[in-house]
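Below is one structure, written out as structure tokens; comments come after it.
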Amino acid sequence: MAIRNIRIEGDPILRKKSKTVEKIDERVLTLIEDMKETMYKADGVGIAAPQVGILKKIFVIDIYDGNGPFVFINPEILETKGSQEDEEGCLSIPGVQEPVKRPYYVKVKATNEKGEEFILEAEELMARAVCHENDHLYGKLFIDYVEK
């Protein structure tokens, strides 16, 4: 396993759309383990593959509630409800925290690293993290939502 370099705002890869993962092979599993290690080393609650320079629809989240880390491959947000506003930061934009509105509730379908499809219903911080990391897969950053 390895700590990967986190791409910083201004790197063009952060603004590109990711590709669907066609198969979960050794390369994908190594990437996922590296992403977890990189996220923990950087004290993050989530990291998406584009943040380590890979345009694949993968992200990892651990909100440190004893249930993580969660691996999301080819995630699809099925439903959102409500609203919450809180400070948000990003490993790709070090030192910046801004208030961002996100859904209070999110229902997401994805595949885990074992190839098992799952549906997760999340609220509060987990919902925020899912939306934040999912945005990375489409070239969006949290600062795009900050009211000027």
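All values reported here derive from a predicted model rather than from experimental measurement. The first residue of the sequence shown is numbered 1, and numbering continues consecutively from there. Atom set for the values below is all heavy atoms of this structure, side chains included, hydrogens, waters and symmetry mates excluded.
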Cluster check [X], [Y]: I/L/V/M/F/W/Y, side chain < 4.5 angstrom:
X	Y	value
Leu91	Ile58	yes
Ile61	Phe118	yes
Val45	Val71	yes
Ile63	Val130	yes
Leu14	Met35	no

Straight-line distance of [X] [atom1] to [Y] [atom2], nearest 0.5 Å:
X	Y	atom1	atom2	result
Met39	Ile6	CE	CD1	10.5 Å
Lys36	Leu31	NZ	CG	11.0 Å
Asp43	Tyr64	CG	OH	6.0 Å
Lys140	Cys131	NZ	SG	10.5 Å
Asn74	Glu76	CG	CD	10.0 Å
Ile32	Ile47	CD1	CD1	12.5 Å

Would a 4.5 Å heavy-atom cut-off, applied to side chains only, mark [X] and [Y] as touching?
X	Y	answer
Leu120	Met126	yes
Tyr104	Glu124	yes
Glu85	Val100	no
Thr80	Tyr105	no
Ile119	Lys107	yes

Partners meeting side chain to side chain donor-acceptor pair (under 3.5 Å) with [X] (sequence neighbours left out):
X	result
Asp11	Arg7
Gln84	none
Arg128	Glu88

Hey, can you pull the donor-acceptor pairs under 3.5 Å for the side chains in residues 16-28, sequence neighbours left out?
from, atom 1, to, atom 2, distance (Å)
Asp25, OD1, Arg27, N, 3.2
Asp25, OD1, Val28, N, 3.0

Cationic N near anionic O, under 4.0 Å, Asp144 to Arg15
yes

The side-chain contact (heavy atoms from CB on, under 4.5 Å) partners of Pro75 (sequence neighbours excluded) come to Lys57, Phe59, Phe72, Val108, Ala110, Asn134, Leu137

Output, in order, the C-alpha distance, side-chain angles, deciding distance and verdict of side-chain contact (heavy atoms from CB on, under 4.5 Å) for Ser83 and Arg102.
CA-CA 6 Å; Ser83 179; Arg102 296 277 189 188; over 6 Å; no

Thr38 side-chain N/O to Arg4 backbone N/O, donor-acceptor pair under 3.5 Å:
yes

Using side-chain contact (heavy atoms from CB on, under 4.5 Å), reason through Val60 and Glu37 one step at a time and then give a plain yes or no.
CA-CA 10 Å; Val60 177; Glu37 212 170 305; over 6 Å; no

Heavy-atom nearest pair, Asp62 first then Gly68, reads OD2-C, 3.7 Å

Taking it one step at a time, do Leu141 and Glu9 satisfy side-chain contact (heavy atoms from CB on, under 4.5 Å)?
CA-CA 9 Å; Leu141 300 174; Glu9 182 193 13; 4.2 Å; yes

Does CG belonging to Asn5 count more than 12 external heavy atoms closer than 6.0 Å?
no

Quick one: do Tyr145 and Asp135 satisfy side-chain contact (heavy atoms from CB on, under 4.5 Å)? Show the steps, please.
CA-CA 11 Å; Tyr145 299 101; Asp135 278 350; 2.9 Å; yes

Only counting residues at least two apart or in another chain, list the ones meeting ring-ring contact (aromatic ring centres under 6.0 Å, His included) with Tyr138.
none

Just checking, any donor-acceptor pair under 3.5 angstrom between side chains of Gln51 and Ser92?
yes

